[in-house]
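Down below is the structure, laid out as structure tokens.
Below, all heavy atoms of this structure are taken into account, side chains as well, without hydrogens, waters or symmetry copies. For ligands, and for the atoms within them, numbers begin at 1 and follow the listed sequence.
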Amino acid sequence: MKSRVVPGRGATWPGVPVREYKDRPELFRDVTRRVLLGGGAPGAAEGDGLDFELRYFEVAPGGHSTLEHHRHPHAVVVITGRGEVRLGAERHEIEPFDAVYVAPGETHQFLASRGERLGFLCVVDRERDRPVPLAGGDEET
Ligand code: MN
């Protein structure tokens, strides 16, 4: 694979398309997804030869990701805005440059619940199981 730079301008990447987050819009609110490296990133022939993908997600104020679990882990670093993450029964406030580890099987959700957008990088295995969504993503459980 050829080395390359993906230019970033703040928390945007002009050459990287904004993608649909997930195909169940009733389970999340105001989330965008960009694949920066690996997987389906622009110019990523054969996934850049990486065993992982580097994605950027942004949740608009008041929005949230799907409440879900799966066997693959996540490694997350917040880079803009602030919000909260649900990890099992716990809820943690997060802001730049907090790093979050989501363990295999842990139910999790990212929420822009503090009046700002929440933008974070997320590293994930290239080959991974499908997330299992849980109902009640909007509830304060
Ligand atoms: Mn997940």
- prompt: Just wondering, are more than 12 heavy atoms of other shown residues or ligands nearer than 6.0 Å to CZ in Arg19?
  reply: yes
message: Tell me if the aromatic rings of His69 and His108 count as close, with their centers under 6.0 Å from one another.
response: no
Please report, to 0.1 Å, the donor-acceptor pairs under 3.5 Å made by any side chain of residues 50-63, with sequence neighbours excluded.
residue, atom, partner, partner atom, Å
Arg55, NE, Cys122, O, 3.3
Tyr56, OH, Glu58, OE1, 2.6
Glu58, OE1, Arg117, NH1, 3.3
Glu58, OE2, Arg117, NH1, 3.4

- line: Protein-side N, O or S atoms sitting under 2.8 Å from the Mn ion (ligand 1) are Glu68 OE2, His70 NE2, His74 NE2, His108 NE2
task: List in chain and number order the residues that pass side-chain contact (heavy atoms from CB on, under 4.5 Å) with Ser113, two or more places apart in sequence or in another chain; answer none if no residue qualifies.
output: Glu84, Arg91, Leu111
- request: Measure the acute angle between the ring planes of His72 and His70, then classify it against the limits of 30° and 60° as parallel, tilted or perpendicular.
  value: parallel
task: Would you list the pairs meeting salt bridge (charged side-chain N to carboxylate O under 4.0 Å, His left out) in which at least one residue belongs to residues 95-107, sequence neighbours left out?
output: Arg82-Glu95
